[in-house]
Structure formats: structure tokens, C-alpha cells
Trainee: 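Here's a structure for you.
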Amino acid sequence: MITGADLGDGTYRNPVLNADWSDPDVVRVGDDFYLTASSFGRAPGLPLLHSRDLVNWTLVGHALERLQPAGEFRVPRHDCGVWAPSLRHHDDRFWIFWGDPDHGIFQINAPAIRGPWTSPHLVKEGKGLIDACPLWDEETGEAYLVHAWAKSRSGIKNRLTGHRMHPEGTGLLDEGKVIVDGDRIPGWFTLEGPKLYRHDGWFWILAPAGGVETGWQGALRSRDFFGPYEERIVLEQGDTDVNGPHQGGWVRTSAGEDWFLHFQQRGPYGRVVHLQPMSWGEEGADGWPVVGDAGAPVAVHRKPDLPVQPPASPATDDDFPGGRYGRQWQWTANPQDGWATQHSGDGLRLTCVRSADAHDLRKLPSILTQRLPGAECVVEVELRLDSEEPGARAGLAVLGDSFGWIGLERADDGTVRLVHRFAESVAKGERDAGHPRVAPEGRVRLRIGIGAGARCRFAYDLGAGDGWEPSGPVFAATPWRWVGALLGLFALAPVGGGHAGAATFTQFRVVSP
């Protein structure tokens with residue numbers, strides 16, 4: 001496990017979540033903080049993280065077992081699905097709203113963060129509806145919803161649309177109105193990701209603009225939900241190395257401190273999460289929020305005034321007790337029964353799923369993935385191939401718009417071979433990245449060393465006393481369009497009849513180099 005945000009001296013270092021927890025939103029309930037993030041086309045979706053100090057986070061579950069419509073997510077749709085969710089607590093229930101750019105705005109809710117969560121309810125149908133956020137106005141009893149637009153589906157962008165909403169979140173009460181038109185704000189473009197709040201008699205929308213890699217975080221306010229809104233940039237890169245500080249949520253602690261969590265786009269690492277101090281109405285601010293260090297992101301800062309917590313971060317390591325995998329793992333599409341089987345020992349037993357697309361990991365739904373760590377690290381796992389099927393294979397992968405993997409394959413002559421393969425982003429299939437060699441025992445220890453810039457070096461240990469042997473040239477991990485690169489475990493077999501056997505993975509570890 002890689003840790004490091006909590007420096008142990010009352011300060012913390014950004015990012016507090018150093019992996020692809022894209023489009024974070026946060027809420028406080030009592031002394032607990034909860035965070036969710038985009039999960040796009042992976043299942044289960046809508047990760048749920050918990051903290052008591054906003055610095056040390058653990059993953060406690062997922063709110064969405066399967067993506068809907070289920071049939072459309074039987075195959076990978078890496079950049080689709082769950083975009084930019086909003087997490088709220090109202091009427092003693094947790095609520096999550098999100099936009100699926102191809103279907104509309106969905107909502108689920110639960111009496112507790114660990115569920116049970118309701119089935120997804122379609123609040124507003126349509127294409128290009130994204131980044132939805134509700135507000136229950138305690139002053140008036142009214143409920144509202146705001147969302148942004150994806151031009152790729154709707155032809156509209158740089159606008160925020162507002163609705164009155166049924167107080168039970170079941171539907172909308174009007175046709176909606178454009179409440180902020182970014183084209184009318186000089187210099188603003190790609191306005192998106194709105195988070196809606198009520199504060200000090202104002203309706204506030206915290207929303208980024210300018211693009212995820214190059215933009216800024218804005219604040220907009222109005223006395224009336226439907227506008228007009230005035231705007232101000234409240235967080236931008238300045239002289240720091242935090243490009244495009246972008247899209248997140250405001251939370252107030254029980255001690256009355258204000259904090260803002262947002263993401264930074266870091267290429268193959270995806271969107272890592274930063275924590276910024278925040279205040280309202282400081283001298284010269286005229287009631288506007290002041291985020292970071294006078295509007296610039298902080299790198300190191302005093303921790304929130306909250307009880308000291310032990311260092312923690314979302315789990316990465318896994319011994320797969322009883323064949324079960326930890327919460328950090330997600331499939332690349334809705335899973336099917338039988339992909340992973342439970343048993344009496346330790347180790348992940350993956351069925352060699354038959355597929356005509358075994359040559360291209362990007363097309364496969366049966367890859368079990370977790371986020372690529374944002375820090376330099378070494379990933380290791382032990383693999384045993386338990387399949388007599390010629391062409392059956394299993395391995396450890398770095399998966400993105402391009403991919404590379406190392407593992408075992410059953411050859412036509414019955415031997416098990418150590419293979420290392422890759423595919424460029426434009427390639428339609430894989431080819432060898434290293435020279436195959438026989439694995440006499442049908443088992444191997446695999447390693448990927450991930451260095452600066454997510455440059456990956458593959459290695460293996462066949463247990464013959466030779467130790468780790470390097471394989472192939474360096475491989476640079478790449479993201480998909482919106483999703484960072486992933487680590488993956490898989491087992492495959494060619495198209496055919498009958499059961500194709502399985503592969504067993506043990507002792508998955510992510511450690512500092």
C-alpha cells in the first residue's frame with residue numbers, strides 16, 4: 001500500500017488521494033466525511049470513501065452494483081456510464097445524482113452509506129445531460145437540480161440548466177431554464193461540473209471552466225435560483241504546478257472550518273484529489289469564497305482542526321481470502337456469474353473466459369481492475385495457470401488506450417510459456433514485447449515497476465533461483481479519454497466449447513520502490 005498524504009506532524013501534502021478518483025464530491029454527516037467519484041463504465045460503480053479528518057481516506061464500498069441499462073454495459077464502454085456524481089444527505093438519507101451522457105440523469109438513495117441503495121431512478125431522460133447536482137433548500141422547502149451539457153451528445157456546452165425538482169427527488173417540475181450561459185462570460189468556456197449550495201442568503205454554484213487540464217475553479221452566486229448569476233474565479237494554477245484545479249465540493253467541519261476538495265488531471269494517473277483550505281467573506285472578498293492560498297492551490301498545509309486519525313489510504317494489496325477480491329477492484333463492464341469463484345483457500349481464481357477478442361484487452365469485460373497509483377511503485381503478483389486449453393492465458397496488465405501485459409499462456413504443444421505482449425493506442429491487436437520462454441511449473445511471479453511519468457518496466461521470476469528477470473522495453477502507460485490507466489488481472493481462452501479452466505492469482509502487492 002502506498003501512503004503519504006498525512007505527514008504526521010499536523011500537516012498534509014497534496015494530493016490527499018493520489019490516484020484516479022475523478023470528479024469528487026463530499027458531504028459531512030456528524031463527525032464523518034464521505035466522498036464519491038466518477039466510475040464511468042466500470043462495475044461496481046460509484047465508490048464510497050470515508051474519512052474523519054479529510055486527509056486519511058478509506059474505501060468502504062460502492063453504491064451502484066451494476067450499470068444501467070444493464071444490457072448496454074455487458075461490454076466495456078470505458079468513457080461512458082457514471083459521470084461526475086453529487087453526494088448529499090437529506091431527510092436522513094444519502095443521495096447520489098449523476099449524469100449518464102447517453103441516457104440522462106439518474107438518482108439513487110440509501111438510509112446509510114453502506115446501503116442498501118435503491119435501484120437507479122431516471123430523473124431526466126436525454127442525451128448530453130451530465131454533472132447533475134440537487135439542492136434541498138431548507139429555508140423555503142423547495143428542491144432544485146442543476147446540470148451541465150456534453151456537446152458530444154447534445155451539441156450544447158458551456159451552459160448550466162436549472163430545474164425545480166420534486167422534493168422526493170423522483171422527477172422535475174418544469175422544463176428547465178439555462179441559468180448560466182458561459183458564452184456570455186468573457187473568457188469562460190467549457191463551464192461544467194456544477195455543485196449547488198445555499199449560503200448566507202445566496203444560491204451558490206461552484207463550477208469549473210476552461211478545460212480539465214488548463215482551466216480554473218469558478219464560483220457563481222445569485223439571490224434567486226434561476227438567476228441572474230455573477231461569477232468569480234476562486235482557484236487557479238498561478239505559479240504552482242497544479243494544472244487546471246478543477247471540479248469538486250465544499251464541506252464545513254463540525255469546528256466551523258471550510259474546505260474544498262477538487263481534482264487535478266495528471267495524464268495516465270487520471271484525476272488525483274487535492275484538499276484546499278477555504279473561507280468565506282475575508283477582507284476584500286465581499287462574501288465570496290477564498291480557496292487555497294489566496295486563490296492558488298496549496299502543496300502542504302495544516303490539517304483540518306479535527307481529532308487525529310491514523311494514516312490511511314484506499315487499499316491496494318490483496319490476498320484474496322476465500323477467492324474474494326477487495327473493494328478496490330472493479331470489472332471493466334457489468335460482471336457475469338462464474339468469472340471469479342470462491343473456494344476454501346486464499347487466492348483469486350479467475351475462469352478463463354472464452355472470447356474472440358482475446359488479442360485486445362481493451363474490448364474485454366472480464367478484466368478485474370484497480371486504479372494506477374499516482375506515485376512511483378512496484379506491483380507484484382503470483383500467478384498459476386490451471387488450464388489445459390491451448391491458447392488459454394492469464395496475466396497482469398497495465399490497461400489504457402494502449403496496454404501491456406505479462407503472464408502465462410498454454411502453447412499448442414502443451415507447455416506453459418511466459419509471454420509479454422503490448423498494443424499501441426492505434427493497434428487493433430497485441431504483439432510480443434518480449435521473447436516467450438517456457439515456464440516449467442506453470443507458475444510465475446510477475447512484477448511491474450512504475451516510474452516517473454507512469455513508465456512501466458516488466459519483470460518475472462520463474463522460481464528457478466535466477467531472481468527477477470527484466471522483460472521487454474519500457475512501456476509508457478496511457479489513459480483513455482476521461483479515465484486514467486488501470487492495473488488489471490485477467491484469464492482468457494479462445495472461442496470454443498466447454499470449460500476452459502482457470503488461473504489463480506495470489507499475494508497482490510503495491511509497494512514503494
Side-chain angles (χ1 to χ4, degrees), residues 22-27 34-40 45-48 63-64 67-69 79-90 93-110 117-137 142-154 156-180 182 190-198 203-209 218 220 225-226 229 246-250 263 482:
S22 178
D23 313 315
D25 195 25
V26 63
V27 68
Y34 300 102
L35 181 148
T36 192
S38 295
S39 50
F40 297 98
L46 289 171
L48 302 168
L64 186 64
L67 293 138
Q68 298 293 335
D79 298 324
C80 302
V82 178
W83 284 24
S86 292
L87 174 62
R88 294 291 182 264
H89 191 259
H90 166 70
R93 296 185 73 84
F94 289 90
W95 301 76
I96 301 178
F97 285 67
W98 74 93
D100 179 316
D102 298 304
H103 298 99
I105 294 169
F106 290 90
Q107 167 263 108
I108 57 175
N109 59 86
W117 290 86
T118 60
S119 298
H121 174 77
L122 186 61
V123 178
K124 181 181 180 181
E125 185 177 5
K127 289 188 175 294
L129 310 179
I130 59 171
D131 306 354
C133 184
L135 172 69
W136 287 270
D137 186 351
E142 298 279 352
Y144 302 96
L145 182 81
V146 64
H147 69 82
W149 294 86
K151 186 176 182 179
S152 60
R153 273 71 163 190
S154 65
I156 302 170
K157 66 177 293 188
N158 208 29
R159 297 177 190 172
L160 304 181
T161 293
H163 292 268
R164 282 193 171 87
M165 182 176 72
H166 192 286
E168 295 184 0
T170 52
L172 304 175
L173 302 180
D174 56 36
E175 294 300 314
K177 175 184 175 183
V178 175
I179 58 175
V180 181
T190 317
L191 175 64
E192 58 186 353
K195 294 294 182 279
L196 181 60
Y197 306 96
R198 201 81 154 94
F203 288 91
W204 290 90
I205 298 174
L206 302 183
L220 305 103
F225 171 71
F226 288 102
Y229 283 83
H246 214 75
Q247 190 167 334
W250 161 47
F263 78 74
W482 310 123

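Counting from 1, the numbers follow the sequence of the chain as shown. Just so you know, these numbers come straight off a predicted model, no measurement behind them.
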Trainee: Is the ring pair Tyr144/Phe226 parallel, tilted or perpendicular, if the boundaries are 30 and 60 degrees?
Mentor: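 It falls in the perpendicular class, over 60°.
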Trainee: Decide side-chain contact (heavy atoms from CB on, under 4.5 Å) for His163 and His147; before the verdict, give the C-alpha distance in whole Å, the side-chain angles of both, and the deciding distance to 0.1 Å.
Mentor: CA-CA 9 Å; His163 292 268; His147 69 82; 4.0 Å; yes
Trainee: Which atoms form the tightest heavy-atom contact between Cys80 and Asp102, and what is the distance?
Mentor: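 Between these two residues, the closest heavy atoms are SG-OD2, 3.7 Å.
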Trainee: Is the NZ or CZ atom of Arg88 positioned over Phe94's six-membered ring, under 6.0 angstrom from the centre and within 45° of the axis?
Mentor: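 Not satisfied by the 6.0 Å and 45° rule.
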Trainee: Could you tell me the separation between the CG atom of Asp23 and the CG atom of Asp131, rounded to the nearest 0.5 Å?
Mentor: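 It is 7.0 Å, given to the nearest 0.5 Å.
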Trainee: Would a distance-only check, ignoring hydrogens and angles, find a side-chain to backbone donor-acceptor pair under 3.5 Å from Ser154 to Lys127?
Mentor: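 Absent.
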Trainee: Which atoms form the tightest heavy-atom contact between Leu191 and Ala207, and what is the distance?
Mentor: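 So the two residues come closest at CD1-CB, 3.8 Å.
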Trainee: Counting N and O atoms only, with roles assigned by atom type, does the side chain of Thr36 sit under 3.5 Å from a partner on the main chain of Pro47, one being a donor and the other an acceptor?
Mentor: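 It does hold such a pair.
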Trainee: Does any N or O in the side chain of Ser86 come within less than 3.5 Å of the main-chain N or O of Ala132, such that one atom is a donor and the other an acceptor?
Mentor: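 Yes.
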Trainee: I need the Leu67 CG to Asp100 CG distance, nearest 0.5 Å.
Mentor: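 Going from CG on Leu67 over to CG on Asp100, the span is 8.0 Å.
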Trainee: Tell me if the centroids of the rings in Trp250 and Tyr197 come within less than 6.0 Å of each other.
Mentor: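 That pair passes the under 6.0 Å test.
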Trainee: Before giving the answer on side-chain contact (heavy atoms from CB on, under 4.5 Å), spell out for Asp137 and Phe203 the whole-Å C-alpha distance, their side-chain angles and the decisive distance to 0.1 Å.
Mentor: CA-CA 9 Å; Asp137 186 351; Phe203 288 91; 3.6 Å; yes
Trainee: For a 4.5 angstrom cut-off between non-hydrogen side-chain atoms, does Asp25 reach Pro85?
Mentor: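 With C-beta onward as the side chain, the pair stays apart.
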Trainee: Kindly compute the distance separating NZ (Lys124) from CZ (Phe106), expressed to the nearest 0.5 Å.
Mentor: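 Between atom NZ of Lys124 and atom CZ of Phe106 there are 14.0 Å.
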Trainee: Name all residues meeting the side chain to side chain donor-acceptor pair (under 3.5 Å) criterion together with His246; count only those two or more places apart in sequence or in a different chain, and write none if there are none.
Mentor: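 Counting only residues at least two positions away or on another chain, His246 forms a side chain to side chain donor-acceptor pair (under 3.5 Å) with Glu192.
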Trainee: Looking at every heavy atom in both His166 and Leu173, which two are closest together, and how far apart are they?
Mentor: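 Distance-wise, the nearest heavy atoms are N-CG, 3.8 Å.
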Trainee: Measuring from Gln107:CD to Leu122:CG, what's the distance to the nearest 0.5 Å?
Mentor: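 It is 10.5 Å, given to the nearest 0.5 Å.
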Trainee: Working to the nearest 0.5 Å, report the span between CG of Leu160 and CD1 of Ile179.
Mentor: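 Going from CG on Leu160 over to CD1 on Ile179, the span is 6.0 Å.
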Trainee: Report the distance from atom NZ of Lys177 to atom CZ of Arg164, rounding to the nearest 0.5 Å.
Mentor: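 So the NZ of Lys177 and the CZ of Arg164 are separated by 10.0 Å.
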Trainee: Report the C-alpha separation of Leu64 and Trp98 in whole Å, then their side-chain angles, then the decisive distance to 0.1 Å, and conclude whether the side-chain contact (heavy atoms from CB on, under 4.5 Å) test is met.
Mentor: CA-CA 11 Å; Leu64 186 64; Trp98 74 93; 4.1 Å; yes
Trainee: So which heavy atom on Leu172 is nearest to which on Leu145, and how close?
Mentor: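 Looking at all heavy atoms of both residues, the shortest contact is CD2-CD2, 3.8 Å.
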Trainee: Just so I know, are the side chains of Ile96 and Trp117 near enough to count as touching, which here means a heavy-atom distance under 4.5 Å?
Mentor: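 A side-chain contact under 4.5 Å exists here.
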Trainee: Decide yes or no on side-chain contact (heavy atoms from CB on, under 4.5 Å) for Leu48 and Tyr34, but give the supporting numbers first.
Mentor: CA-CA 7 Å; Leu48 302 168; Tyr34 300 102; over 6 Å; no
Trainee: Identify the residue among Trp482, Trp83, Phe40 that makes a side chain to side chain contact (heavy atoms under 4.5 Å, CB included) with Ser22.
Mentor: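 For Ser22, the side chain to side chain contact (heavy atoms under 4.5 Å, CB included) test succeeds with only one of Trp482, Trp83, Phe40, which is Phe40.
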Trainee: Pick one: which of Leu46, Leu35, Val27 meets side chain to side chain contact (heavy atoms under 4.5 Å, CB included) with Leu87?
Mentor: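 For Leu87, the side chain to side chain contact (heavy atoms under 4.5 Å, CB included) test succeeds with only one of Leu46, Leu35, Val27, which is Val27.
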Trainee: Show the nearest heavy-atom pair for residues Ala143 and Trp136, with the distance to one decimal.
Mentor: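 That closest heavy-atom pairing would be CB-CD1, 3.8 Å.
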Trainee: So, for Ala148 and Gly193, which heavy atoms are closest and what is the spacing to 0.1 Å?
Mentor: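 Distance-wise, the nearest heavy atoms are CB-N, 4.2 Å.
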